[in-house]
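In what follows, a structure is listed as structure tokens, so that the remarks can point back to it.
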Amino acid sequence: MANIPEKPSLDGIEQHWTERWEAEGTYRFDRTRGREDVFAIDTPPPTVSGSLHMGHVFSYTHTDTLARYQRMRGKAVFYPIGWDDNGLPTERRVQNYYGVRCDPTVPYDPAFTPPFRGDPPKNHHAIGVSRPNFIELCDELVAIDEQIFGAVLRRLGLSYDWTYLYSTIHDNARRASQRAFLRNLARGEAYTQEAPTLWDVDYKTAVAQAEMEDREVTGAYHKLAFHRADGAGDLLIDTTRPELVPACVALVAHPDDERYQPLFGTTVRTPLFEVEVPVLAHTLAEPDKGTGIAMICTFGDVTDVTWWRELDLPSRAVVARDGRLVADAPWITSADGQSRYAELVGLSAKQAQRRIVELLTASGELLGDVRPITHPVKFYERGDRPLEIVSSRQWYIRNGGRDAAIRAAMVARGGELTWHPAHMQHRYDNWVEGLNGDWLISRQRFFGVPVPVWYRLDGDGQPDHSAPLVPDESRLPVDPSTDVPTGYTEAQRGAPGGFAGDPDVMDTWATSSLTPQIAGRWEDDPDLFARVFPMDVRPQAHDIIRTWLFATVVRSHYEHGCAPWRHAAISGWILDPDRKKMSKSKGNVVTPMALFEQYGTDAVRYWAASGRPGVDTAFSEEQMKVGRKLANKLLNVSKFVLGFPVPAAGGGTVSNPLDEAMLTRLGAVVVEATAAFDEFDYARALERTEEFFWWFCDDHVELVKGRAYGADESAVTALRAALSVLHRLLAPFLPFTTEEVWRWWQDGSVHVSSWPVAPASGGDVAALDAVSSVLALVRRAKTEAKVSQRTPVSRCTVTAPAELLAALVVGTSDLRNAGSIAELATVEGPELTVAVELAPAPPAPAS
RNA sequence: GGGCGCUUAGCUCAGUUGGUUAGAGCACUUCCCUUACAAGGAAGGGGUCGUGGGUUCGAGUCCCUCAGCGCCCACCA
């Protein structure tokens with residue numbers, strides 16, 4: 001049986017067991033099992049254009065411990081992994097890697113080879129390639145990146161079933177994404193609309209509310225004079241965006257503001273451009289901000305959009321999609337106004353501001369000094385310049401941002417989930433209740449899932465957006481830029497009376513919001529889907545509750561009428577040892593692979609699993625060293641216990657009260673660890689197990705060693721029973737080490753063994769405690785005497801209350817063995833003390 | 001402005017319905033080559049549990065106040 005190495009080692013166990021698990025199909029999902037026997041996990045697909053960092057290691061380990069626990073509980077664990085290789089991050093990486101950019105006007109070149117593969121020189125000017133060529137490069141590069149990612153995830157010991165690997169850009173994901181969209185469209189949940197949209201002028205794409213973030217930037221207040229139409233003087237307004245004066249459509253003050261009440265309904269002329277605009281009242285205007293009266297422009301910020309909509313104002317957009325001022329502002333009618341505007345045409349917003357300030361200064365309409373301030377401004381989270389608001393046609397999915405009933409339904413769906421930790425639900429509620437618009441899903445980009453519709457063109461070649469042409473689901477996925485709607489021919493593309501494909505792709509969240517459907521092969525494999533959906537858990541980080549989690553709830557709500565999972569397990573972030581979020585720019589990022597090699601995977605997993613659910617956790621190599629110690633200890637104690645002859649075929653009997661008590665104590669640990677895992681609290685399960693494990697090694701094994709050497713049946717049987725339980729309790733955390741030691745004496749993988757049940761209770765826990773206390777005092781006496789623990793004790797006198805002395809009786813011989821005590825005497829007394837007479841030590845060396 | 005979380009030893013953190021003298025690991029100090037393990041072991045010092053109140057026989061734990069730190073959301077003229 002036992003095949004125990006002379007000198008057990010952790011070296012190389014990762015590769016060895018990874019290969020064995022792969023060969024043996026240890027983590028293969030058993031798809032014959034019914035939904036009630038399945039534990040399904042909606043794993044976050046990593047963005048392959050980035051790199052795997054310690055944050056992935058951290059949260060992926062958490063999920064893996066849960067998966068391993070559930071597998072040992074007898075569940076068929078559906079634990080697929082996918083790649084999020086779709087969208088803007090991939091485009092950007094391809095541009096940088098190959099030195100190309102996508103130019104849809106360039107024709108496809110089947111023989112194209114990129115100028116570089118990795119690291120183009122800094123002065124290289126990106127060459128334009130066709131959209132199909134660009135997408136081929138995307139496919140090529142993600143395949144390379146995915147190889148590297150796969151190697152890291154396997155090395156981390158994640159128990160995925162790789163046969164269910166998915167990718168958000170491949171056909172099945174595109175099909176699912178387009179199908180879900182078309183069903184949203186058919187039910188009226190998706191719609192297209194021309195509307196003011198948050199816009200990134202560098203990426204030249206619309207951006208969703210969820211992808212927007214505030215940044216503190218410098219700006220300045222400018223006090224401008226608007227001229228009353230009745231000639232009775234000027235109205236002063238403060239603005240940080242004077243370049244938008246040509247886009248001004250009204251002034252607005254609070255209806256209760258007595259300073260401006262007489263002016264409501266009158267008009268003023270704008271500075272420089274002499275456009276007549278009304279003075280209006282709206283409750284969003286704040287009397288104590290600036291001069292209490294604001295200029296409404298189309299569009300300076302989201303409040304402008306509200307005013308524009310609610311006050312039914314005209315649209316006078318001056319900022320174009322490239323962030324520059326448009327060529328024509330026909331609403332400016334005065335000759336002076338026109339000539340001034342002509343100076344601004346083509347300038348960026350920043351340049352225009354500089355010029356307009358000069359013009360205002362010259363005209364005397366800029367009053368007082370420009371007052372610099374810093375203020376929060378909205379940016380696309382990946383962008384470098386402030387977002388503009390431009391009017392454009394986009395696709396939306398209703399998410400409650402414009403409808404209280406839908407919003408309430410989404411909040412209720414969130415409430416159906418069990419959140420771990422519970423307080424993370426507040427973030428969800430907070431976000432959903434604060435939505436101020438529907439979910440914008442279209443993007444003016446290339447590498448993504450196309451919006452799967454076409455538009456009829458009228459006799460003038462103008463598209464009819466009110467009734468899109470949609471493909472039959474059996475045709476999916478489609479690319480409207482190359483596929484033709486049913487009933488049309490390619491020759492009719494772009495021709496009057498013909499059709500035009502929707503030019504946009506869907507945002508990456510519009511596809512990744514369907515990970516349960518994609519991973520579960522919704523509609524492509526209905527049998528599988530029925531066994532895994534709704535899933536048991538979505539593990540993810542807290543920063544994407546508002547995006548990924550919420551979007552997934554929205555899609556599931558509409559398509560399936562239920563929440564997509566039962567639990568949301570939210571992990572924290574990794575902070576560097578200074579408690580700041582780890583970031584590349586600070587140069588404090590360590591690569592996972594280097595740590596696996598230095599400490600061993602199980603040690604790194606131990607650090608990760610020590611981080612409690614949802615709690616931001618410091619990166620700590622010290623913790624990894626502790627994990628390494630734990631793994632080493634497990635090897636050694638296993639070798640020690642298994643080194644004793646097996647007491648009896650079919651198992652011996654545990655009869656000693658101390659042995660029974662140890663198992664009783666272990667039973668309590670099993671109960672606690674099990675309860676903790678059922679609550680998704682892997683960290684507590686580990687902590688309790690570990691605490692017992694060290695006690696077991698340091699105290700119990702030391703105590704019963706003597707009997708074990710003497711082949712005492714009870715001692716060895718109990719040690720082996722405890723070892724079996726410990727191997728399994730630790731298996732979710734230290735999958736490699738536990739597998740290594742388990743296979744020394746058991747058939748098959750520990751990872752498909754059954755989760756331990758509490759050993760039968762019994763024994764004499766009081767005796768075990770009493771013996772432990774006395775042994776600790778004997779050890780202390782030896783330490784204080786500065787002698788080896790092995791030093792013989794000629795006589796040991798234990799003074800203690802009668803009760804304690806009575807408890808000690810069953811452990812007397814173990815105690816004498818463990819303490820090397822020749823003679824043990826007991827005396828009744830008020831409290832526990834131990835007097836030790838050491839056998840004469842050999843003379844110490846002179847130094 | 002609204003919300004959430006945190007504050008316990010030098011550091012990182014446990015402390016579940018209130019209940020002996022508040023725990024662990026790391027770090028620090030001392031000792032020990034001892035035949036499972038020196039990549040080890042035995043032991044030690046170190047805390048008025050953020051502030052101020054309250055409830056209670058009893059509060060790290062429950063209630064209120066305040067402060068500091070972190071995060072989410074809103075505001076952005």
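Residue numbering restarts at 1 for every chain, and letters A, B, ... go by the order of the sequence lines.
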How far does the [atom1] atom of [N] sit from the matching atom of [M], given to the nearest Å?
N	M	atom1	result
B:U20	B:A36	C1'	37 Å
B:C28	B:C49	C1'	22 Å
B:A42	B:C26	P	11 Å
B:G47	B:U56	C1'	25 Å
B:C62	B:G50	P	12 Å
B:U8	B:U55	P	27 Å
B:A27	B:A9	C1'	11 Å
B:A77	B:C6	P	34 Å

Need one value for [X]: base, sugar-phosphate or nothing, where a base atom within 4.0 Å counts as base even if backbone is also close, heavy atoms only.
X	value
A:Ala683	nothing
A:Glu784	nothing
A:Arg215	nothing
A:Glu216	nothing
A:Thr303	sugar-phosphate
A:Arg684	base

Just the rounded figure in Å: distance from [atom2] of [N] to [atom1] of [X].
X	N	atom1	atom2	value
A:Asp214	B:A74	CG	P	7 Å
A:Glu433	B:C4	CD	C1'	14 Å
A:Leu634	B:G40	CG	P	15 Å
A:Trp573	B:G70	CH2	P	14 Å
A:His542	B:C72	NE2	P	8 Å

[X], nearest nucleotide to its side chain (from [options]):
X	options	answer
A:Lys289	B:A77, B:C4, B:A14	B:A77
A:Trp307	B:A74, B:A77, B:A14	B:A77
A:Asp238	B:A43, B:A77, B:C32	B:A77
A:Pro376	B:A43, B:C75, B:A77	B:C75
A:Ser788	B:A39, B:G5, B:U34	B:U34

Just say parallel, tilted or perpendicular for the rings of [X] and [Y], cut-offs at 30° and 60°.
X	Y	value
A:Trp742	A:Trp745	perpendicular
A:Phe58	A:His62	perpendicular
A:Trp419	A:Tyr428	tilted
A:Trp607	A:Phe619	perpendicular

Ignoring hydrogens, what is the shortest heavy-atom contact between [X] and [Y]? Give both atom names and the distance.
X	Y	answer
A:His282	A:Trp307	ND1-NE1, 3.2 Å
A:Lys782	A:Ser820	NZ-CB, 4.3 Å
A:Gly219	A:His375	CA-NE2, 4.1 Å
A:Ala685	A:Ala676	N-CB, 3.8 Å

Counting only distance, no hydrogens or angles, is the base of B:U16 paired donor-acceptor with the side chain of A:Arg612 under 3.5 Å?
no
Should the side chain of A:Arg780 and the base of B:A43 be counted as holding a donor-acceptor pair, with the cut-off at 3.5 Å?
no
Find which nucleotide of RNA chain B each of A:Thr239 and A:Ala785 is nearest to by heavy atoms, and output the residue with the more 5' nucleotide.
A:Ala785
For A:Pro287 and for A:Asp699, locate the closest nucleotide of RNA chain B by heavy-atom distance; then report the residue assigned to the nucleotide nearer the 5' terminus.
A:Asp699
Within the pair A:Gln598 and B:A39, is there a side-chain N or O less than 4.0 Å away from OP1 or OP2?
no
Respond yes when some side-chain nitrogen or oxygen of A:His423 is under 4.0 Å from OP1 or OP2 of B:C71, and no when none is.
no
Could you tell me whether A:Arg241 and A:Glu388 have a side-chain N and a carboxylate O separated by less than 4.0 Å?
yes
Which atom pairs link the protein and nucleotides 35-38 of chain B when you take only N or O atoms and keep those under 3.5 Å?
from: B:U35; atom 1: O4; to: A:Arg790; atom 2: NH2; distance (Å): 3.2
from: B:A36; atom 1: OP1; to: A:Tyr709; atom 2: OH; distance (Å): 3.1
from: B:A36; atom 1: OP2; to: A:Tyr709; atom 2: OH; distance (Å): 2.0
from: B:A36; atom 1: O2'; to: A:Asn636; atom 2: OD1; distance (Å): 3.4
from: B:A36; atom 1: N6; to: A:Cys697; atom 2: O; distance (Å): 3.4
from: B:A36; atom 1: N6; to: A:Glu702; atom 2: OE2; distance (Å): 3.2
from: B:A36; atom 1: N3; to: A:Asn636; atom 2: O; distance (Å): 3.3
from: B:A36; atom 1: N3; to: A:Val637; atom 2: N; distance (Å): 3.4
from: B:C37; atom 1: O4'; to: A:Asn636; atom 2: OD1; distance (Å): 3.2
from: B:C37; atom 1: O2'; to: A:Asn636; atom 2: ND2; distance (Å): 3.3
from: B:C37; atom 1: O2; to: A:Lys633; atom 2: NZ; distance (Å): 2.8
from: B:C37; atom 1: N3; to: A:Lys633; atom 2: NZ; distance (Å): 3.1

If I take atom OG1 from residue A:Thr240 and atom CD from residue A:Gln353, how far apart are they, to the nearest 0.5 angstrom?
8.0 Å
Please enumerate all protein N or O atoms sitting under 3.5 Å from an N or O of nucleotides 18-27 of chain B, with distances to 0.1 Å.
from: B:C26; atom 1: OP1; to: A:Lys629; atom 2: NZ; distance (Å): 3.2

So which nucleotide does B:G44 pair with, by the Watson-Crick or G-U wobble rule with both distances under 3.5 Å?
B:C28
Across all strands shown, which nucleotide pairs with B:G70 by Watson-Crick or G-U wobble geometry, both distances under 3.5 Å?
B:C4
Answer yes if the side chains of A:Ser610 and A:Glu687 hold a donor-acceptor pair under 3.5 Å, and no otherwise.
no
Go through the side-chain N and O atoms of A:Thr737 and A:Asp602 and say whether any donor and acceptor fall under 3.5 Å apart.
yes
